[in-house]
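Everything below concerns the one structure shown next.
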Amino acid sequence: MSRSKLNARINRIEPSMTIGISAKAKDLCAAGLDVLSFSAGEPDFDTPDNIKIAAIKATVDGFTKYTAAGGINELRDAVVEKEKRRNGLDYKRENICISVGAKHALFNIAAVMLEEGDEIIIPAPYWVTYEAIAKYVGAKPVIIETKEENGFIPTHEDWEKAITPNTKMILINNPSNPTGATYEKSDLEFIAKLAEKHDLWIISDEIYEDIVFDGYNPVSIATLSDYAYERTLVVNGISKTYSMTGWRIGYTCGDSEVVAAMIKLQSQSTSNPTSIAQMAALEALRGPQDSVEKMRTKFEERRNFIVNALNSIDGITCFNPKGAFYVFPNISAFFGREYEGKKITGSMKFAELLLEHALIAVVPGIAFGDDRFMRFSFATSLENLKEGVERLKKFVEKIK
Ligand SMILES: *Cc1c(COP(=O)(O)O)cnc(C)c1O
């Protein structure tokens, strides 16, 4: 009897579609075509110089060996300080685990907390990874559909209906990727009370907390009650705020037993996050913060442009996001129609035709659990955005 090569677990998940589309756009670029990519899930800015210099210094100084599996104490303490400063949260070093990016942090939380059959509630449209991680560890993602006209935030009734005796966790991502949806404090207070009533854990992915517009200032759900503080795992990192996606440093703040379990898992799997990157992260959190506001201002300027520009195209409506660096326009008015004789069956077909005929790369909404939309990243120059809108306009004008 032959054994199958791969286990059943790995077949439960798909490769990250966002990464796949970026790769296809890069291939077309390499073939000499003038492709404009709006599929990026990362800031386009260079990592600030003070941070790069800290990494160079760490390298030259020989800080190039294994560190503690959960990260160096200085960095864990810097996260404690940062959470106090930014969110008013009181943690100790034992509440902090440093991981290889926030994605790794999320994976490890799921790996140490979720059992086969446990349910985790995830509002859609969602970041693909949440669903994949839940499935990989054998949990059941319970998806809540949201509406554009509700700002892509679930209603109180939606939350209540999603809870079953198997629910263990609620996931919130504020501001959200892919919609840029943001929660009001009252929404979060409701979720905190609901979690308490049903004895649930909360994962709060706050990676976009510093990329916010129109004066929106997110509060962390962990600040809203004693229960929420004890049962929320705050996940964050340096990738988005400091334009450091390649450095791979993220962190979790919360229950010390969960954190200890995550560190135990890291000690037997990845070991420590890269020593040099940890020193760079330390500089990011403790060094001058002026680059953060500079990048935020740029993002807001681009958001202002792109939302207006997309809403001025016939057939497209675009929600105005108060955070992150994506817009999530509704393109469903084109479904069932044709581009040069080719039928537009959904967001995937729309994205394919757009890449092929207009040379612009976007991520189809289906990748985030809602086929009526596409994700258009504005982590690119205003000049590229202007050109992209022109190409998109010409493309949709040819849809019959
Ligand atoms: C980019 C992103 C992350 C994590 O990024 P890392 O680079 O792994 O720290 C987490 N959540 C969301 C919603 C993201 O978009």
Side-chain angles (χ1 to χ4, degrees), residues 16-19 21-22 38-45 47 51 71 75 79 82 96-111 120 122-134 136 141 143 146 152-153 169-183 202-212 218 220-221 232-253 262 266 270 273-274 277-278 280-281 284-285 292 295 299 321-328 363 365 367-370 375-379:
S16 166
M17 213 186 284
T18 48
I19 290 174
I21 286 162
S22 298
F38 303 101
S39 63
E42 60 184 352
D44 53 315
F45 304 108
T47 300
I51 297 171
L75 183 55
V79 170
K82 182 251 148 187
I96 311 296
C97 174
I98 310 296
S99 298
V100 185
K103 195 182 264 190
H104 185 220
L106 290 161
F107 187 92
N108 286 352
I109 291 170
I120 171 167
I122 304 171
Y126 50 81
W127 191 48
V128 224
T129 296
Y130 302 136
E131 193 193 24
I133 289 175
Y136 188 75
I143 308 300
T146 63
F152 296 108
I153 298 292
M169 260 179 199
I170 284 180
L171 185 137
I172 53 178
N173 175 207
N174 187 35
S176 144
N177 174 8
T179 58
T182 46
Y183 288 76
I202 301 164
I203 297 181
S204 181
D205 181 344
E206 303 179 357
I207 197 105
Y208 292 105
E209 71 181 348
D210 290 319
I211 303 175
V212 284
S220 174
I221 191 167
T232 301
L233 297 155
V234 171
V235 173
N236 209 325
I238 54 168
S239 284
K240 309 290 159 64
T241 300
Y242 302 97
S243 198
M244 292 178 71
T245 46
W247 298 77
R248 310 309 305 129
I249 298 289
Y251 53 86
T252 303
C253 314
M262 293 170 72
Q266 288 184 188
T270 48
T274 306
Q278 288 188 67
L285 295 179
V292 176
M295 293 190 271
F299 281 131
K322 287 207 193 97
F325 41 70
Y326 314 98
V327 279
F328 205 60
V363 185
F368 307 98
D370 200 326
R375 191 189 75 175
F376 195 104
S377 163
F378 52 90

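What's counted below: heavy atoms across the whole structure, side chains too, no hydrogens, waters or symmetry copies. For the single chain, residues carry numbers from 1 onward in sequence order. Remember, it's 1-based here, ligands and their atoms both numbered in the order they're listed.
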Can you find an N/O atom of A102 closer than 3.5 Å to an N/O atom of ligand 1? yes

Between K240 and ligand 1, does any nitrogen or oxygen pair lie at a separation below 3.5 Å? yes

Under 4.0 Å from a heavy atom of S239: which atoms of ligand 1 are those, numbered in the order shown and with their elements? 6 (P), 7 (O), 9 (O)

Residue and atom name of the nearest protein heavy atom (relative to atom 15 (O) of ligand 1), distance in Å to one decimal: Y208 OH, 2.6 Å

Do the charged groups of K82 and E209 touch, with an N to O distance under 4.0 Å? yes

Parallel, tilted or perpendicular, judged at 30° and 60°: which one describes the rings of Y326 and Y208? perpendicular

Take every heavy atom of Y130, measure it against each atom of ligand 1, and state whether any distance is under 4.0 Å. yes

Does the D210 side chain pair with the main chain of T241, one donor and one acceptor, at a distance under 3.5 Å? no

Within the side chain of R375, is there an N or O that forms a donor-acceptor pair under 3.5 Å with the backbone of T179? no

Looking at ligand 1, does any of its N/O atoms fall within less than 3.5 Å of an N/O of T245? no

Is it the case that over 12 heavy atoms from other parts of the model lie below 6.0 angstrom from the NZ atom of K322? no

Sub-3.5 Å N/O-N/O distance, D205 and ligand 1: yes

To the nearest 0.5 Å, what is the distance between CD1 on I207 and OH on Y251? 7.5 Å

Could you check atom 8 (O) of ligand 1 against the protein and tell me its nearest heavy-atom contact, residue, atom and distance included? R248 NH2, 2.8 Å

So, regarding N173 and ligand 1 (criterion: nitrogen or oxygen to nitrogen or oxygen, under 3.5 Å), is there a contact or not? no

